[in-house]
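Input: a single structure, listed below in structure tokens.
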Amino acid sequence: MIEALLAGKPLPPGRLDPDEVEALRAAIELRAARPGADLPDEEFMTGLRRRVASASSAEADASPSRIPRRAVLAGAAGAVAAGLVGAVAENALTSNPRPRLAATGEIVPEDGQWVQVAAVSDVAGGQVKRFATASTVGFVTEHAGTLSAVSGACTHQGCLLKLNQAAGRLDCPCHRTAFGVDGKLMFSQLDTLPGALPQIQVRSRDGQVEAFLPREV
Amino acid sequence: MVKDDPYDRPAPGPDADGARRDPPRLLVVGEDVYADWDAIYLDNVTRIYRLMYSKVGNRPDAEDLTAEVFVAALGPLRVSASRGEVRGYLVATARTVLAGYWRRRLGVEVTTIDPDAELRSPDEPERPSQAPERARRVLGSLPERYRQILELRFLRAMSLKEAASEMDVTVGNAKVLQHRALRFAAQAPGDKS
């Protein structure tokens, strides 16, 4: 059991004596204690994201009454055992959706020009780089070899978003609202959910990232 | 009297509970809600994975359990639930998923999740784990040879053979030492200091 753990393998099924259970618990704690050992694998995260996305769209297509409420609550019975979490779970099953504004699409200036906003190396491997010109503030990044950029102004009231590097999102300093670096709204405290951030056209040229922005006057 | 416009209110922190208790004025501001399931996933997956990893200590099982939590929560959990409710529901689901895993795998719950403790911890999915610090305390409380074998094997990832050679003992001795050290560590008051 301990050797499987040390080899990074799943724990094999079996039965343990009580003192072996304690030793295994200590081993798990030590194994999890290597700095950075508990960071999830990028490939796993992307795969599960896809799985959740397709399962959630299947859920959305199904009628809301498809899962009998009684079955839902029975399924969450373990959760409901803890009073606080039980109340939370109950609420989470029943609250009503908030209205939301439509996404705002792409910013394509009528009289635009390509402007250097970052070096390609600044955004390699999914790093996010903020840029600001006289007309536009935005964030540029790269994912799987594709460059993308979004407006850096919140679609609610135009407050300038702050990059939250640790959580990989753009936070609005004015109201608790956050967007993904792809511009999608992640969460918000507002009663009408703000739309996604507009996309900005970007391209790579001679090791530089260029964005299509309004011509400077 | 000039009433404050809540739009001009300084930004509350991500979990500024005090701000939520302010009476609503011009704008009714609710709790944070997610835009969709993708947002729920992105905001919570790292936290749930790290929680599971700390409970099972290996990547394949932690990945399976994380997936199980999200798949189990997908049906009953509404996207319109508040961010706090979503977090609470996912942690509660993680608790039952982990309990089921141990029951199936070993017939006994080797580790458990305490939802209250989890929900009290700060809302920072990428915050450095407290586990290394705790492990250092446990190791520090062990007799020298026990500490050494566990450090070599668990923190420096040496094979039994390498660890035995480093400590100048036979492989059989290293194995016995490791077993005793783990049992000793299990009794060590690592969380109490």
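These figures come from a predicted structure and were not determined experimentally. Side-chain atoms are counted along with the backbone in the values below, which use heavy atoms only and exclude waters and symmetry mates. Residue numbers begin at 1 in each chain, while the letters A, B, ... track the order of the sequences.
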* Asked: Under 4.5 Å, heavy atom to heavy atom, which residues of residues 10-27 of chain A contact chain B?
  -> A/Pro10, A/Leu11, A/Pro12, A/Pro13, A/Gly14, A/Arg15, A/Leu16, A/Asp19, A/Val21, A/Glu22, A/Ala23, A/Leu24, A/Arg25, A/Ala26, A/Ala27

* Asked: Can you name the residues of residues 124-145 of chain A that have some heavy atom under 4.5 Å away from a heavy atom in chain B?
  ->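 Listed by number: none.
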
* How are the rings of B/Tyr49 and A/Phe44 set to each other: parallel, tilted or perpendicular (split at 30° and 60°)? -> tilted

With chain A, which of [options] has the greatest number of heavy-atom pairs at distances under 4.5 Å?
{"options": "B/Leu150, B/Asn58, B/Leu139", "answer": "B/Asn58"}
{"options": "B/Leu160, B/Thr66, B/Thr111, B/Asp64", "answer": "B/Thr66"}
{"options": "B/Ala72, B/Ala62, B/Ala67", "answer": "B/Ala67"}

Please report the interatomic distance [atom1]([X]) to [atom2]([Y]), rounded to the nearest 0.5 Å.
{"X": "B/Asp38", "Y": "A/Leu185", "atom1": "CG", "atom2": "CG", "result": "11.5 Å"}
{"X": "B/Leu74", "Y": "A/Ser54", "atom1": "CG", "atom2": "OG", "result": "9.0 Å"}
{"X": "B/Leu155", "Y": "A/Arg34", "atom1": "CG", "atom2": "CZ", "result": "8.5 Å"}
{"X": "B/Leu51", "Y": "A/Asp38", "atom1": "CG", "atom2": "CG", "result": "10.5 Å"}
{"X": "B/Arg153", "Y": "A/Ile2", "atom1": "CZ", "atom2": "CD1", "result": "9.5 Å"}
{"X": "B/Ser159", "Y": "A/Glu3", "atom1": "OG", "atom2": "CD", "result": "9.0 Å"}

* Lys/Arg N to Asp/Glu carboxylate O, A/Lys184 vs B/Asp36, below 4.0 Å -> yes

* For chain B, find which of A/Asn164, A/Leu48, A/Thr177, A/Asp41 contributes the most heavy-atom pairs closer than 4.5 angstrom. => A/Leu48

* Per-residue contact mode, A/Asp171 against chain B (heavy atom under 4.5 angstrom) -> neither

* Between A/Ala37 and chain B, which part of the residue has a heavy atom less than 4.5 Å away: side chain, backbone, both or neither? ->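 Both parts, backbone and side chain.
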
With side chains defined as the heavy atoms from C-beta onward, is the minimum distance between [X] and [Y] less than 4.5 Å?
{"X": "A/Lys9", "Y": "B/Asp61", "value": "no"}
{"X": "B/Phe154", "Y": "A/Leu6", "value": "yes"}
{"X": "B/Val56", "Y": "A/Leu5", "value": "no"}

Above 12 or not: heavy atoms from other molecules or residues under 6.0 Å from [atom1] of [X]?
{"X": "B/Arg147", "atom1": "CZ", "value": "yes"}
{"X": "A/Glu42", "atom1": "CD", "value": "no"}
{"X": "B/Arg180", "atom1": "CZ", "value": "no"}

* Asked: Contact part of B/Glu109 toward chain A, heavy-atom cut-off under 4.5 Å: side chain, backbone, both or neither?
  -> backbone

* Below 4.5 Å from any heavy atom of chain A, which atoms of B/Val33 appear? Answer side chain, backbone, both or neither. =>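 Looking at B/Val33, backbone and side chain both touch chain A.
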
* Passes side-chain contact (heavy atoms from CB on, under 4.5 Å), A/Met186 versus B/Ile40? Steps please. -> CA-CA 7 Å; A/Met186 283 184 80; B/Ile40 292 182; over 6 Å; no

* Asked: Looking at B/Tyr41, does the NZ or CZ of A/Arg49 lie under 6.0 angstrom from its six-membered ring centre and within 45 degrees of the ring axis?
  ->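 Ring-cation test returns no.
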
* To do: Please assess A/Glu29 against B/Lys55 for the test salt bridge (charged side-chain N to carboxylate O under 4.0 Å, His left out), listing each intermediate value before the final yes or no.
  => CA-CA 7 Å; A/Glu29 187 160 331; B/Lys55 300 298 176 184; over 6 Å; no

